[in-house]
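The block underneath contains the structure these notes are about, expressed in structure tokens.
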Amino acid sequence: MAKHTQAWMGMPKKRWPLMLVAFLSLSTAMVLFIRPNSSVPCTPTTAADNNHFVDQDNQIRSSLQLGNAPSPLDFMKSKLVLMVSHELSLSGGPLLLMELAFLLRGVGADVVWMTNQKPPEPDQVIYSLESKMLDRGVQVLPAKGEKAVDTAIKADLVILNTAVAGKWLDAVLKEKVSLVLPKVLWWIHEMRGHYFKVEYVKHLPFVAGAMIDSHTTADYWKNRTRERLGIKMPETYVVHLGNSKELMDVAEDSVAKRVLREHVRESLGVRNDDLLFAIINSVSRGKGQDLFLRSFYESLQLIQEKKLQVPTLHAVVVGSDMNAQTKFETELRKFVAEKRIQDRVHFVNKTLAVAPYLASIDVLVQNSQARGECFGRITIEAMAFRLPVLGTAAGGTMEIVVNGTTGFLHPVGKEGVTPLANNIVKMATHVEKRLTMGKKGYERVKERFLEHHMAQRIALVLKDVLQKAARQN
């Protein structure tokens, strides 16, 4: 079988303090990070609109460069914010909402969290994440009952997270739903057609606004809700995400990165000068691990046929599930065994701590299929570590990766297998190009995709939504 590792077993005690830094980031492979605009309604853009967007971002960067500027979210002090998540897990949507909860707590907002769907039996992940929120001053309440309804009515702002959370509105608020809708901000991350159900989104036209992570996703929702459901989107804001300060601290610490690189590579059984191409997402067909492995195998064939002198290449699949062993993952392992590349492919269990793997690899592959990622947080996290990105030309990836500058884009589906294989070979044979792309990606992150950039964008949205809610009272 292909190698399957859990990299943190048996770690020397003296390295634990450093490792803990890497674990602080709430970022995941999801659901990780473009146009130069900040938070603006998703309307068709003209040249004049684009100039306006650039000016807004320049204003944001100028204010942030002053160094002594207050937090853009300071106006949220003492505001009561209710956050409703459809679930609490290690997936991108809940973790993003938690990050926003912590940002708001940091400026003195009162934040209440409710999880609409919980398993009947105790869950260690839920317990751990709820404990983290309680430690940071976020109240955690049941999503049902009289207290939930009272909190929603008293709240200054209600943030629904993901389309599925829409089921909570009628199920819990019932006849009082109309009192809450005017102060609801609906944060949507989904890009799949099965989320367009009336029972999920029938109240969408009546909320104060929708917040979506990329222009591509916003346009998709606007068109899909109109054509399939016959409903109109509310005012919609695009908010590109940003890397947490904790992750950036690790990415910019050369000593930390070197230690992480050495440890992870040792655990994988690869040498320091080997080239590692990693895909960091939950293992599923939509994330494209199967097509990536086909491309990787094809790249090995190309290198052999052309007798290219390159370092040894390895593929790392981070996001496996050692317990589930799904049919899809079984197919992946079978392919690896059939092609006899077990020594070149490494499966790593899913983890919240992506920083160690970003420090240890050379190139990130973002191979999400169909409509791609809504945004793709892992993409900007990789760029923070000066890694070039080989991504599909779909979804939010096209708003992050500058093709030919910070990485290369390839088509989705089977049509993308050979182009991705060729791009893998390019990364292996053109060292300077690879390093330059990584540097350009890091510069792009510093310019647009940091936590304070995201806070500024979200602040513009929250101000607008609060003003609308006030006018309704």
Side-chain donor/acceptor of Thr115 to backbone N/O of Leu88, under 3.5 Å: no
Parallel, tilted or perpendicular: ring planes of Phe335 versus Tyr297, cut at 30 and 60 degrees: perpendicular
Cation over ring face, Arg136 and Phe102, 6.0 Å, 45°: yes
Lys144 atom NZ, neighbour heavy-atom count above 12 within 6.0 Å: yes
Distance-minimising heavy-atom pair for Pro388 and Met437: CB-CB, 3.8 Å
Side chain to side chain donor-acceptor pair (under 3.5 Å) against Thr326, all qualifying residues, sequence neighbours excluded: none
Min side-chain heavy-atom separation Thr236-Met211 under 4.5 Å: no
Pair Asp123 + Lys118, salt bridge at N-O below 4.0 Å: no
Gln456 side chain to Pro72 backbone, donor-acceptor under 3.5 Å: no
Lys183 side-chain N/O to Ile153 backbone N/O, donor-acceptor pair under 3.5 Å: yes
Distance flag, aromatic centroids of His189 and His86, threshold under 6.0 Å: no
Aromatic Phe347 / basic Arg333 pairing, under 6.0 angstrom, 45° off normal: yes
Side chain to side chain donor-acceptor pair (under 3.5 Å) assessment of Thr397 paired with Glu373: CA-CA 7 Å; Thr397 304; Glu373 291 286 335; over 6 Å; no
Result of checking Val158, Val111, Leu157, Asp110 against Leu80 for side-chain contact (heavy atoms from CB on, under 4.5 Å): Asp110
Sequence neighbours excluded, every pair satisfying salt bridge (Lys or Arg N to Asp or Glu O under 4.0 Å) that has a member inside residues 383-398: none
Nearest heavy-atom neighbours spanning Val363 and Leu387: N-CD2, 4.3 Å
Ring geometry between Phe449 and His240 (parallel below 30°, tilted from 30 to 60°, perpendicular above 60°): perpendicular
Nearest heavy atoms of Met427 and Arg434, plus distance in Å: O-NH1, 2.7 Å
For Thr162 against Trp186, the heavy-atom pair lying closest together: O-NE1, 3.0 Å
Side chain Thr351, main chain Ala353, donor-acceptor under 3.5 Å: yes
Donor-acceptor pair, side chain of Asp219 and main chain of Thr216, under 3.5 angstrom: no
Salt bridge (Lys or Arg N to Asp or Glu O under 4.0 Å) partners of Lys463, counting only residues at least two apart: none
Polar side-chain atom of Thr392 near backbone of Ser368 as donor-acceptor pair, under 3.5 Å: yes
Sequence neighbours excluded, every pair satisfying salt bridge (Lys or Arg N to Asp or Glu O under 4.0 Å) that has a member inside residues 350-362: Arg261-Asp362, Arg265-Asp362, Asp321-Lys350
Test item: Phe277 and Leu313 side chains (from C-beta on) under 4.5 Å apart, heavy atoms: yes
Side chain to side chain donor-acceptor pair (under 3.5 Å) involving Lys245 - partner list, sequence neighbours excluded: Asp249
Stepwise salt bridge (charged side-chain N to carboxylate O under 4.0 Å, His left out) test for Glu443 and Arg448: CA-CA 9 Å; Glu443 292 171 354; Arg448 305 184 189 283; over 6 Å; no
Atom of Ala165, atom of Leu160 and distance for their closest heavy-atom approach: O-CD2, 4.1 Å
Salt bridge present between Glu252 and Lys257 (N-O < 4.0 angstrom): no
Non-neighbouring partners of Asp150 that pass salt bridge (Lys or Arg N to Asp or Glu O under 4.0 Å), sequence neighbours left out: none
Shortest non-hydrogen contact between Val207 and Val184, atoms and distance: CB-O, 3.5 Å
Donor-acceptor under 3.5 Å (Ser214 side chain, Cys374 main chain): yes
